[in-house]
Amino acid sequence: MTLGLFDDLPATPQAPEWLEPGAVVLRGFALPQAIELLQAVDAITAQAPFRHLITPGGQRMSVAMSNTGALGWISDRSGYRYGPTDPTTGLPWPPMPALFRQLAREAAEAAGYPGFVPDACLINRYAPGTRLSLHQDRDEGNYDHPIVSVSLGIPAIFLWGGAERADKARRVGLWHGDVVVWGGPARLRFHGVAPLADASHAMTSGLRINLTFRKASG
DNA sequence: TAGTAACT
DNA sequence: CGGC
């Protein structure tokens, strides 16, 4: 994608691409806010720095993570959970910017989930080679609320699996500005990210930034 | 088990 | 694969 000067500029408003009932890719949905979103990520991660979490099995995740909002997702040797404070600093996670909340609500509504009010935004930073193996989002209080995932920077191949880990995963390209929303019958689908290819993007210093919005409590 | 090794 |  090093040649794709205009890869993040869709020629026309894009039709929603349904992966299955309940799950949709909104191409370019976050493009108008991309610069502001990335500026906010810089401000947030100046307070809650990116770090590589450890899985319960003791392995270092290749994705660097931070959080914004009342709750943040964390992993360590004792498990996965949401918590109100950053284990690295002991401070509350930085408050979620109104722009983030609004984008998540609008994307969820466009996907058929009106009234989404996220209380957690996991910020994932991917460098070339970074991956995220297939998993389910199962650490939230209930599964009535959708997941909203915003892609910024260099492209990735999203792995869209099934209800069981062994199900074959579909490979879906995600570019700067794309937003994936899944909920309802698709809420517990396995998903992940293939190892990132080398690429560059002017707005992210050659990285991919992913914002994943969830309602973790309530 | 949000990762890895150790296979085929 | 074994501890939440």
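Here the structure is a predicted model, which means the values were calculated and not measured. Values reported hereafter were calculated over all heavy atoms of this structure, with side chains retained and with hydrogens, waters and symmetry mates removed.
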Note: [X]-[Y] ion pair, threshold 4.0 Å (strictly below):
{"X": "A/Asp139", "Y": "A/Arg81", "value": "no"}
{"X": "A/Glu106", "Y": "A/Arg101", "value": "no"}
{"X": "A/Arg51", "Y": "A/Asp86", "value": "yes"}

NA contact type, [X], heavy-atom cut-off 4.0 Å: base, sugar-phosphate, or nothing?
{"X": "A/Asp139", "result": "base"}
{"X": "A/Ser75", "result": "nothing"}
{"X": "A/Leu53", "result": "nothing"}

Of the listed nucleotides (B/dT4, B/dA2, B/dT1), which one gets closest to any side-chain atom of A/Leu122? B/dA2

Does A/Arg165 put a side-chain nitrogen or oxygen below 4.0 Å from OP1 or OP2 of B/dA2? yes

Could you tell me how far apart [X] ([atom1]) and [N] ([atom2]) are, to the nearest whole angstrom?
{"X": "A/Asp76", "N": "B/dG3", "atom1": "CG", "atom2": "C1'", "answer": "15 Å"}
{"X": "A/His135", "N": "B/dA2", "atom1": "NE2", "atom2": "P", "answer": "7 Å"}
{"X": "A/Arg189", "N": "B/dA2", "atom1": "CZ", "atom2": "P", "answer": "17 Å"}
{"X": "A/Leu134", "N": "B/dG3", "atom1": "CG", "atom2": "P", "answer": "10 Å"}
{"X": "A/Arg131", "N": "B/dG3", "atom1": "CZ", "atom2": "P", "answer": "8 Å"}
{"X": "A/Arg214", "N": "B/dA2", "atom1": "CZ", "atom2": "C1'", "answer": "9 Å"}
{"X": "A/Leu132", "N": "B/dT4", "atom1": "CG", "atom2": "P", "answer": "11 Å"}

A/Phe213 versus A/Ala104, closest heavy-atom pair with distance: CG-CB, 3.6 Å

